Amino acid sequence: MNLKSRPAVALLSLSLAAIALAGCSEESAGSDDGASAGNCDPADVQLLGQVRNESNPYEAAWLDGGDAFAESVGLTQERLTYDGDSTKQQDQIAQRLAGDTECLVMNILPNGDSDTPPIVEGAEEAGVHVVTQWNKPADMDLTEYDYWLSHITYNGVESGQQIGDALAEAIGGSGGIIALQGVLDTAAAKDRFAGLEESLAANPDVTLLDDQTANFSRAEALEVTKTLLTKHGDDVKGIWAANDDMALGALEALQQAGLEGEVAVVGIDAVPDALTAIENGTMTATVSSDGPWQGGVGLAIGYCVATGELSVDDIDDEHRAFYAEQFLITEENVAEFTSPETDTADFECDNVFDRAVGPLP
C-alpha cells in the first residue's frame with residue numbers, strides 16, 4: 001500500500017480530465033442546469049463518498065453513515081476507496097467528474113492537505129457540490145468557491161492533548177512514552193501531535209522517548225511498535241497513537257511481547273475494537289468524532305444545496321469551514337459509546353450544522 005502523496009502527478013491527471021470535461025460538456029459550473037441552480041429533483045441527486053479504505057473501521061463506519069443518509073432520502077451512495085494512494089484518489093475523482101455529473105454530491109476524505117486543491121478545483125469546474133473533511137491547506141478559503149460547500153474537521157490539538165493527558169494520568173504522571181504519528185501531510189496528524197506536545201509541556205515528568213509515523217495503519221503500527229519496544233525496552237510505560245487503528249496495532253505488538261495490560265495505550269476515533277479494549281482495560285482512552293455522522297452529514301449538506309433546501313448563501317462563513325464536536329472516551333463513560341445509533345434527524349437540512357463548535361482559524 002502506497003501512502004505517499006504525489007500531488008504533482010495527481011494535479012496533472014485531474015487537470016487533463018477537467019480540460020476534457022470542459023471541452024466535451026456544456027454542463028459546467030457556469031451553466032444554468034438544475035445542479036448549479038439548486039433545483040435538482042431529489043430523486044436525481046447522485047451521492048458519492050470516498051475514504052482511504054474500509055479495512056479501517058472508522059472509515060468503514062463513515063461510509064455506512066453515508067449509506068444511512070442515502071437510504072433516508074430514497075437514494076444509494078457510491079462508495080469509493082483509494083487505499084491511501086493520492087494518485088489513485090485523484091484518478092478516481094477525475095474519472096467520475098468526466099462522466100455524468102448531473103446533480104452529483106461528493107463527500108470526500110482527501111488523503112493529505114495537498115490533495116484537496118485539485119479535488120476542489122475539479123469539482124468547481126464540473127459544477128459538482130463537494131464537502132471535504134479533515135485535510136485542507138490552511139490558506140484555502142471556501143468563500144472563494146461556489147460548489148465547495150463546507151470543510152469539516154476536528155480540533156486535533158485538543159484531541160491530541162486530551163489523550164496525552166489521559167496517558168500521563170494512566171502512567172502516574174511520570175515515565176517514558178512513544179508516539180505513533182499518522183500520515184504526515186495531513187492536518188489531523190500535525191495537529192494531534194501538536195496536542196501531544198502541549199500535554200508533554202503540562203506533564204513535565206512524562207518523557208517522549210521516540211516518535212515515528214505509522215501512517216494511520218494498524219499493520220504499520222504493529223511493526224513500528226515492535227521496533228520501538230526493542231529499542232527502548234522497559235522504559236516504555238505508555239503509547240500515544242494518533243488514531244485507533246495504530247493504537248490497536250500497538251496493542252497487538254504488546255500482546256506478542258507479553259506486555260498486554262502493562263503499557264498504557266491511547267488513540268483517536270472510537271472504533272469498536274478500541275472501545276472493547278477500553279472496556280476490558282487493555283486500552284486507556286480514545287476520542288470520538290462519530291464517523292457515521294461524518295459520512296452522512298457531508299452528503300446531507302450537498303443534498304440540501306443541490307435540491308434547493310439550502311443555498312450557498314444560507315451557509316454562514318463560520319459553517320463553511322468548522323470544527324465539529326468530539327468526545328473523550330475512557331473506562332468511566334465507554335458504555336455510552338459502545339452501541340451508537342445513527343440518528344437520521346441529524347441529517348435534516350435544519351440540523352446539519354448543529355454539531356459545529358467553532359470556525360477554523
Side-chain angles (χ1 to χ4, degrees), residues 29 34-51 61-80 93 96 101-110 116 119-120 122-124 126-136 140-154 289-326 342-360:
S36 62
N39 294 325
C40 288
D41 186 296
D44 293 334
V45 175
Q46 302 181 69
L47 302 174
L48 183 153
Q50 188 197 46
V51 299
W62 164 313
L63 293 181
D64 290 344
D67 286 344
F69 167 71
E71 183 178 353
S72 75
V73 293
L75 299 171
T76 59
Q77 173 192 216
E78 181 180 356
R79 299 167 68 116
L80 292 181
I93 292 177
R96 190 61 183 84
T101 59
E102 182 78 17
C103 296
L104 176 61
V105 170
M106 303 194 304
N107 183 32
I108 304 296
L109 171 58
T116 302
I119 292 170
V120 168
E124 192 80 7
V128 169
H129 296 299
V130 61
V131 172
T132 55
Q133 302 201 39
W134 286 118
N135 303 317
K136 82 170 186 68
M140 286 191 76
D141 182 358
L142 276 79
T143 62
E144 297 177 359
Y145 296 83
D146 295 324
Y147 288 88
W148 188 13
L149 304 178
S150 282
H151 179 78
I152 304 169
T153 192
Y154 294 80
S289 58
D290 196 345
W293 176 82
Q294 289 181 266
V297 80
L299 295 178
I301 292 169
Y303 174 90
C304 291
V305 174
T307 58
E309 294 188 62
L310 289 176
S311 74
V312 178
D313 292 337
D314 292 328
I315 304 176
D316 297 335
D317 288 357
E318 65 183 21
H319 290 147
R320 295 296 295 273
F322 65 91
Y323 290 125
E325 187 178 13
Q326 58 189 353
T342 300
D343 185 355
T344 55
D346 290 336
F347 306 144
E348 294 175 3
C349 297
D350 290 340
N351 301 333
V352 290
F353 298 113
D354 281 358
R355 294 198 189 180
V357 295
L360 267 62

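Predicted model only: the values in this text are computed from it and were never measured.
The structure places CD1 of Ile301 at 10.5 Å from CZ of Phe347, a figure rounded to the nearest 0.5 Å. For the atom pair SG of Cys304 and CD of Glu348, the computed distance is 9.0 Å after rounding to the nearest 0.5 Å. Taking CE of Met106 as the start and CD1 of Ile93 as the end, the distance is 5.0 Å to the nearest 0.5 Å. Put simply, CG on Asp290 and CD on Gln326 are 11.5 Å apart, with the number rounded to the nearest 0.5 Å. Separation of atoms CD (Glu102) and CG (Asp41) is listed at 11.0 Å; rounding is to 0.5 Å. One distance of note links CG of Leu149 with CZ of Arg320; it measures 6.5 Å at 0.5 Å rounding.
At least one donor-acceptor pair closer than 3.5 Å links the side chain of Tyr154 to the backbone N or O of Ser289. Not a single donor-acceptor pair under 3.5 Å links the side chain of Gln133 to the backbone N or O of Leu109. Under a 3.5 Å cut-off, the side chain of Thr132 and the backbone N or O of His151 do not form any donor-acceptor pair.
Looking only at side-chain heavy atoms (C-beta outward), Tyr303 and Pro42 come within less than 4.5 Å of each other. Looking at heavy atoms from C-beta onward, Asp146 lies out of side-chain contact with Val312 at the 4.5 angstrom threshold. Counting only heavy atoms from C-beta outward, the side chains of Glu78 and Arg96 approach each other to under 4.5 Å. A heavy-atom distance below 4.5 Å is not found between the side chains of Val73 and Val45. Using a 4.5 Å heavy-atom threshold, the side chains of Lys136 and Trp148 count as touching.
Not a single ring pair (Phe, Tyr, Trp, His ring centres under 6.0 Å) links Trp62 to another residue, sequence neighbours left out. Legend: residues meeting side-chain contact (heavy atoms from CB on, under 4.5 Å) with Pro359, ordered by chain and number and at least two apart, are Glu318. For Phe353, the ring pair (Phe, Tyr, Trp, His ring centres under 6.0 Å) criterion is met by His319, Phe322, not counting sequence neighbours. Annotation: side-chain contact (heavy atoms from CB on, under 4.5 Å) contacts of Ser72 (sequence neighbours excluded): Phe69, Thr344. Residues satisfying the side-chain contact (heavy atoms from CB on, under 4.5 Å) test with Asp141, not counting sequence neighbours, are Thr143, Glu144. By the side-chain contact (heavy atoms from CB on, under 4.5 Å) test, Asp314 pairs with Leu310, Ser311, sequence neighbours left out.
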Q) Between Arg79 and Asp67, does a side chain to side chain contact (heavy atoms under 4.5 Å, CB included) hold up when you go through it step by step? A) CA-CA 9 Å; Arg79 299 167 68 116; Asp67 286 344; 2.4 Å; yes
Q) side chain to side chain contact (heavy atoms under 4.5 Å, CB included) between Arg355 and Asp346: does it pass, once the steps are laid out? A) CA-CA 9 Å; Arg355 294 198 189 180; Asp346 290 336; 3.3 Å; yes
(Q) Could you walk me through whether Glu309 and Asp350 satisfy the side chain to side chain contact (heavy atoms under 4.5 Å, CB included) test, starting with their C-alpha distance in whole Å, then the side-chain angles of each, then the deciding distance to 0.1 Å, before giving a yes or no? (A) CA-CA 9 Å; Glu309 294 188 62; Asp350 290 340; over 6 Å; no
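Across every non-hydrogen atom of Thr101 and Gln46, the tightest pair is C-NE2, 4.2 Å. Closest non-hydrogen pair, Leu48 versus Leu299, comes out as O-CD2, 3.4 Å. In plain terms, the two heavy atoms of His129 and Val305 that are nearest each other are CE1-CG1, 3.7 Å. Contact detail for Ala70 and Leu47: the closest heavy-atom pair is CB-CD1, 3.7 Å. The minimum heavy-atom distance between Pro110 and Ile119, with the atom names listed, is CB-CD1, 4.3 Å. Contact detail for Gln294 and Trp134: the closest heavy-atom pair is NE2-NE1, 3.4 Å.
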